[in-house]
> 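This is the structure, below, for whatever I ask next.
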Protein chains: 2
Amino acid sequence: MQSLSSDFAAMQAGIDRVATRIAGVPVADVLLLRMIKHLGTTMTARMERVLQPHGLAETDFSALMQLFSSADGSASPGELCGLIAQRPTNMTRITDALVRKRLVTRRPDSADRRRVALRITPAGVRFVHSLLPEMIAGLEAGFAGLGAGDKRQLDRLLRRLAASIDATTQDTPR
Amino acid sequence: MQSLSSDFAAMQAGIDRVATRIAGVPVADVLLLRMIKHLGTTMTARMERVLQPHGLAETDFSALMQLFSSADGSASPGELCGLIAQRPTNMTRITDALVRKRLVTRRPDSADRRRVALRITPAGVRFVHSLLPEMIAGLEAGFAGLGAGDKRQLDRLLRRLAASIDATTQDTPR
DNA sequence: AGTCTATATTTCAGCAATGGAATTTCGGCT
DNA sequence: AGCCGAAATTCCATTGCTGAAATATAGACT
């Protein structure tokens, strides 16, 4: 990986090469898919770099952010499962990590004692506040080359693509 | 995951909730990042569904496609490493899988005996030909909602985003 | 030729992230 | 009371990848 742009060039060369050997390859579609995937993983990896020194993975941070932004700073593992698309098994591990770092407390829910109430701690709130500036700066720098109009267009096109993909899905997801 | 569109709505709600609690969150950028990542993983997962019944992972298939589309149907593991962004260690494993399925042969390179020459077999070529129609159909269906103009715009915006991200990178990649 | 350094591949051991199945505890319904 | 289902956890397994060391060979320098 030299740069995203050169990666794109390599992708295009590879796809073109396939297209010359087989008719009917939708070159543009393949390239868009590959570019989207590559951008997604690369940008996510950059965000992870901010978290890594603190020993948190991206899913851990997502869970913490959900607690942070919830009305009363608390939620149950099961609720978070839905919000960050994780299985209960994994949610338990994420919770363990956050509790071990004293960013979150875990106590039994008094109303329904099957449940556990997770709550972000003051240290957790401080942690989020301390990390956001760096993440925001990285994000804004990455998007600096796009104007407001570009972003609106990109937003619109991505939503249109999502709707298009949804339309093809009649089988059971996942 | 109900649908991509509803996932997007949930993402936006979460981000908006954070934005109300902290000033300066670039909501549009965060949302774009999350949408791109989600689209990338979802679309890739759909492609993988085609491969799964055949016991191949996506990286395996990528390697096979590179061999397929190379001028003489052959390459060394090291060359493929660069083309599909994998480490040598992993490339060995991928090669093992492809050889075990008789899609590729592995023989010492006579010119440079440190090297190994991988070559796609006739069965490998047939395999690619047999799988492509299904992959192409799925891909075209997914992109059916975008017109040619949409695709050109999306391509342009993604490249612009890539260039913008590249511009922020002066530290050593990876 | 002999020696040294670099390259290509492989093996080994292991990690990170996740998932399924079974288990425990409890709520709610009959 | 008895039963079914939900929530969280534990245990074990899988997937996909990696670094370090080992092996074999090439190429350069003396």
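Sequence lines set the chain letters: A, B, ... in the order given, protein chains first and strands last, and positions in each chain run from 1.
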> Whether Ser76(A) contacts dA8(D) is assessed here as follows: a side-chain N or O lying under 4.0 Å from the phosphate OP1 or OP2. Is that the case?
yes
> When the distance from CZ of Arg87(A) to C1' of dT10(D) is rounded to whole Å, what number comes out?
18 Å
> Starting from C1' on dT9(C), measure out to CD on Glu79(B) and report it in whole angstrom.
13 Å
> Take atom CG of Asn90(A) and atom P of dA7(D), then tell me their distance rounded to the nearest Å.
18 Å
> List for me each residue that meets salt bridge (Lys or Arg N to Asp or Glu O under 4.0 Å) alongside Arg159(B), sequence neighbours excluded, and say none if there are none.
Asp155(B)
> Output the rounded distance in Å from CG (Leu80(A)) to P (dA7(D)).
13 Å
> Using the closest heavy atom to pick a nucleotide of DNA chain C for each, name whichever of Gln86(A) or Thr92(B) lands nearer the 5' end.
Thr92(B)
> CZ of Arg93(A) versus P of dC15(C): gap in Å, rounded?
15 Å
> Let's test your reading of the model: under 3.5 Å, does the base of dG19(C) pair with the side chain of Thr89(A) as donor and acceptor?
no
> Set out, in order, the CA-CA distance, both residues' side-chain angles and the distance that settles side-chain hydrogen bond (donor to acceptor under 3.5 Å, both in side chains) for Arg17(B) and Gln66(A), then state yes or no.
CA-CA 9 Å; Arg17(B) 208 167 56 168; Gln66(A) 289 302 323; 3.0 Å; yes
> Looking at Glu134(B) and Arg49(B), is any side-chain nitrogen of the basic one under 4.0 Å from a carboxylate oxygen of the acidic one?
no
> Atom CD of Glu58(B) to atom P of dT15(D): distance rounded to whole Å?
16 Å
> Under a 4.0 Å N-O cut-off, is there an ion pair linking Asp96(A) with Arg93(A)?
no
> Is the closest basic N to carboxylate O distance between Asp109(A) and Arg114(A) below 4.0 Å?
no
> Do Asp60(A) and Lys101(A) meet the salt-bridge criterion of a basic N to acidic O distance under 4.0 Å?
no
> With the threshold set at under 4.0 Å for non-hydrogen atoms, list the residues of residues 101-117 of chain B touching DNA chain C in residue-number order.
Arg106(B), Arg114(B), Arg115(B), Val116(B)
> Taking all heavy atoms of Arg102(A) and all of Thr121(A), pick out the closest pair and write down the distance.
O-OG1, 2.8 Å
> Rounded to whole Å, please give me the gap between CE in Met91(B) and C1' in dT18(D).
15 Å
> Please give, in whole Å, the distance from dA8(D) C1' to Asp96(A) CG?
11 Å
> Between Thr59(A) and dA17(C), is there a contact of a side-chain N or O with OP1 or OP2 at under 4.0 Å?
no
> Looking across every strand, which nucleic acid part, if any, lies under 4.0 Å from Pro77(A) by heavy atom: base, sugar-phosphate, or nothing?
sugar-phosphate
